[in-house]
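Each remark here refers to the structure printed beneath this line.
Order of the sequence lines fixes the chain letters, A, B, ..., with proteins taken first and strands second; residue numbering starts at 1 for each chain.
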Amino acid sequence: MQYWLMKSEPDEVSMDDVMASQAQTTPWFGVRNYQARNFMRDQMQVGDGVLFYHSSCPEPGIAGVAEIVSAPYPDATQFDEDSKYYDAKATQEQPRWISIDVKGTQKTRLLSLAEMRTIPALEDMIVLQKGSRLSITPVTPAQWKAIVKLLK
DNA sequence: GCCAACGTTGGC
DNA sequence: GCCAACGTTGGC
């Protein structure tokens, strides 16, 4: 059981979108960074906790909590020539990119990036480090606990 | 829109 | 294998 922070641009997929599809699940596609892919491929497990983070928007921050609900599987968009995520070097036999499904657990108040920076228990979070751009990052149990408490 | 930081590509 | 050039991310 591990914890993760996953970034999404709310213009693409917001926490509201994730909650609206609660009956089903939301496929997480379009990751095109090897480090993030490897986290999904090698470490993510069904039941892992996810902090849903809104990036590249007026108020960046954590907007809700979700859960991993599938094993990794090939990201279909890598084979779709019409997709902006198309990758000519990926083949069905040797896919490069991976998706997983998440399910929204709870929309929370927005824990803004600015507020996160003021909380000592969070200062080591990868997402707060200078120059950090990884869209999927591990979260420690202590960080998770502190954030869940703040969001109550 | 700016720009720092990072990742990827490709020539050598 | 090095590294310059380029593209992307993402806060501000």
Side-chain angles (χ1 to χ4, degrees), chain A residues 2-21 25-44 48-68 70 72-140 142-144 146-151:
Chain A
Q2 281 186 268
Y3 301 106
W4 306 96
L5 181 142
M6 297 173 77
K7 292 183 190 171
S8 178
E9 300 186 17
D11 285 351
E12 305 287 331
V13 181
S14 71
M15 191 65 207
D16 283 334
D17 296 331
V18 170
M19 292 310 284
S21 58
T25 59
T26 302
W28 204 274
F29 58 87
V31 171
R32 295 293 181 268
N33 169 283
Y34 289 104
Q35 223 181 325
R37 178 203 67 180
N38 293 348
F39 282 138
M40 289 198 286
R41 185 188 62 191
D42 304 333
Q43 291 188 243
M44 274 189 180
D48 281 1
V50 174
L51 299 170
F52 193 98
Y53 181 93
H54 285 173
S55 67
S56 295
C57 58
E59 272 198 300
I62 293 167
V65 179
E67 187 183 334
I68 304 295
S70 84
Y73 58 91
D75 179 342
T77 62
Q78 68 192 305
F79 309 122
D80 178 1
E81 287 188 45
D82 296 329
S83 168
K84 66 174 176 178
Y85 298 118
Y86 177 67
D87 184 342
K89 292 183 181 162
T91 64
Q92 298 280 348
E93 293 72 30
Q94 286 201 307
R96 266 195 186 190
W97 305 112
I98 281 180
S99 289
I100 47 93
D101 294 341
V102 302
K103 178 177 180 175
T105 307
Q106 176 193 20
K107 181 183 176 177
T108 63
R109 77 176 176 91
L110 187 89
L111 176 60
S112 72
L113 179 61
E115 183 178 350
M116 290 170 72
R117 292 196 190 284
T118 68
I119 297 163
L122 305 184
E123 68 182 356
D124 291 333
M125 283 191 79
I126 295 168
V127 75
L128 299 185
Q129 306 311 306
K130 186 175 179 181
S132 170
R133 311 187 307 182
L134 253 190
S135 64
I136 299 177
T137 50
V139 173
T140 69
Q143 290 161 352
W144 175 272
I147 288 168
V148 168
K149 198 171 175 185
L150 285 164
L151 291 174

Report task. State which residues pass ring-ring contact (aromatic ring centres under 6.0 Å, His included) with A:Phe52; sequence neighbours excluded, sorted by chain then number. Result -> A:Trp28, A:His54
Requested in this report: Sequence neighbours left out, what passes side-chain hydrogen bond (donor to acceptor under 3.5 Å, both in side chains) with A:Asp16? Give chain and number order.
Outcome: A:Lys107
Query - Test ring-ring contact (aromatic ring centres under 6.0 Å, His included) applied to A:Tyr3 - qualifying residues, sequence neighbours left out - result: A:Trp144
Report summary line: So the side chain to side chain donor-acceptor pair (under 3.5 Å) pairs with at least one residue in residues 126-139 of chain A (sequence neighbours excluded) are none
Query raised in the report: Can you pull the contact range of chain A along DNA chain C, 5' to 3', using atoms under 4.0 angstrom from its heavy atoms?
Result: C:dG7 to C:dC12
Requested in this report: Sequence neighbours left out, what passes side-chain hydrogen bond (donor to acceptor under 3.5 Å, both in side chains) with A:Tyr34? Give chain and number order.
Outcome: A:Arg96
Requested in this report: Quick one: list whatever passes side-chain hydrogen bond (donor to acceptor under 3.5 Å, both in side chains) with A:Glu115, sequence neighbours left out.
Outcome: A:Arg109
Please set out all donor-acceptor pairs under 3.5 angstrom arising from side-chain atoms of residues 55-64 of chain A, sequence neighbours excluded.
none

Query raised in the report: Looking at DNA chain B, which of residues 117-133 of chain A put a heavy atom within less than 4.0 Å of it?
Result: A:Lys130, A:Gly131, A:Arg133
Query - All salt bridge (Lys or Arg N to Asp or Glu O under 4.0 Å) counterparts of A:Lys84, not counting sequence neighbours - result: A:Glu12
**Report entry** side chain to side chain contact (heavy atoms under 4.5 Å, CB included) partner of A:Thr26, chosen from A:Asp101, A:Val18, A:Ile100
**Finding:** A:Val18
Query raised in the report: Among residues 85-97 of chain A, which contact DNA chain B at a heavy-atom distance under 4.0 Å?
Result: none
Report summary line: By side-chain hydrogen bond (donor to acceptor under 3.5 Å, both in side chains), A:Glu67 pairs with (sequence neighbours left out) none
